[in-house]
Amino acid sequence: MKKLNPETLCVQAGWSPKKGEPRVLPIYQSTTFKYETSEQMARLFDLEDNGYFYTRLQNPTNDAVAAKIAALEGGVGAMLTSSGQAANFYAVFNICQAGDHFVSSSCIYGGTYNLFGVTMKKLGIEVTFVNPDASEEEIIAAFRPNTKCLFGETISNPTLEVLDIEKFARIAHSQGVPLIVDNTFPTPINCRPFEWGADIVTHSTTKYMDGHATSVGGAVVDSGNFPWEQYADKFPGLCQPDESYHGLTYTQAFGKMAYMTKATAQLMRDLGSIQSPQNAFLLNLGLETLHLRMPQHCKNAQAVAEYLSSNDKVAWVNYSGLPGDKYHALAEKYMPNGSCGVVTFGLKGGRDVAIKFMDSLKLAAIVTHVADARTCVLHPASHTHRQLTDEQLMAAGVRPDLIRFSVGIENAADIIADIEQALG
Ligand SMILES: *Cc1c(COP(=O)(O)O)cnc(C)c1O
């Protein structure tokens, strides 16, 4: 069959029932799977046969949803994780160990920043954060002989910087390491980083992919393109025998599936951050309408951003869809059909005015969440980043007056009317 379009993949990919099987992807709510002989099970443990034995490693519901996400991104394989945090940890930890180093854009989600800068440091893995808008030479200067990957976010949460994916891919490949991109905000409907040279993509599926704020989850997707064996000394975990798997070498045994197989066979086995099949089922329902929801999010966000930028109570607005936005040109290149539904802005009068505005909203709810069907709002300086001083906030790229407005899929006129009455 000819390559299917994203809209068709959203609805159909991942689950192809055979005669008499359920049309809808079932929830395999089972921890374990039955075999006829002891030998059959032994072959699974040796990774000599494909098959399910324990849901911590693999589950048919999760695998079908992971296959849909892999198809949408254009990857060779994917795994679901219990959260976006787990996805980013696995993506890096699969190729980094104590004593290693990696380079990351500093414009990333706060939880990821903390994971990389604090928790992974405790595991002996060091990160250097770089300004993604710096020159190639400046970013390359952060690399060391023990650097194992480069990391960035397509559109950063909450500061909405757009990553120059081709530039980052060029830098990573010039240093013999893969580029990992967190593609949560645009989703593969609006951007497919593999088409621009990224090697591995991660997601917090909690956001637009689920889209209904029901299920925390994550995903790791591999393009299958990175030539691990060309840099075998750098990636011994993939290119040298795994003693915990009878001396098997992932690149030799699994080719393009080496990275995903290692992530499943080692990281899921030992760390166990699985997504529950129930959540995977809900995620799949979300994915079935992702291609319908993303354009509506973008259309509404564009209308909200235009309204805000023409209102004299508003000090500034960030949205890459605005022609004057710093990232407009990059967004046009990587996301010609729209970026995402999140708009950030500041009100004249700063922090106190921001709080009064938020408390006056009626339709838009104050929640920690972002990027789902219902319009919601957050003031990072008062909520997610409240432990930081104004100076620390500025250093993290989060202005103290920044309001993160996540535009939902309601009617744009109603959302704008709510903003208007709250501005008073
Ligand atoms: C929310 C988010 C994460 C973390 O995902 P969880 O599902 O909350 O663990 C990672 N990256 C980005 C860009 C996010 O928005």
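When a ligand or atom number is given, it counts from 1 through the structure's own listing order. Worth saying up front: this structure is predicted, and the values here are computed from it rather than measured.
What sits closest to atom 4 (C) of ligand 1 on the protein, heavy atoms only, is Y109 CE2, 3.4 Å. The protein heavy atom nearest to atom 11 (N) of ligand 1 is D182 OD2, 2.7 Å. At the shortest separation from atom 15 (O) of ligand 1 among protein heavy atoms lies K207 NZ, 2.6 Å. Ranking protein heavy atoms by distance to atom 6 (P) of ligand 1, first place goes to G84 N, 3.3 Å.
Of the candidates S204, S82, A371, S156, S204 brings a heavy atom nearest to atom 8 (O) of ligand 1.
Atoms of ligand 1 lying under 4.0 Å from any heavy atom of N157, numbered from 1 in the order shown and given with element: 14 (C), 15 (O). Near Q85, with a cut-off below 4.0 Å to any heavy atom, the atoms of ligand 1 are 4 (C), 5 (O), 6 (P), 9 (O). The distance from ligand 1 to the heavy atoms of G217 drops below 4.0 Å at these ligand atoms: 7 (O). Ligand-side atoms of ligand 1 in range of T206: 6 (P), 7 (O), range being under 4.0 angstrom from any heavy atom.
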Passes side chain to side chain contact (heavy atoms under 4.5 Å, CB included), K121 versus V127? Steps please.
CA-CA 8 Å; K121 193 170 177 199; V127 67; over 6 Å; no
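Ring geometry, F129 versus Y113: the interplanar angle falls under 30°, so the pair is classed parallel (tilted spans 30 to 60°). Between H383 and H379, the ring planes lie perpendicular to each other; the angle is over 60°, past the 30° to 60° tilted range.
Within the model, atoms CG of D133 and CD1 of I139 stand 8.0 Å from one another, a figure rounded to the nearest 0.5 Å. One finds the NZ atom of K68 at 8.5 Å from the CD atom of Q12 (value rounded to the nearest 0.5 Å).
Test L163, I165, V201 against C191 for side chain to side chain contact (heavy atoms under 4.5 Å, CB included) and you get one pass: I165.
Between F151 and F116, the gap from one ring centroid to the other is short of 6.0 Å.
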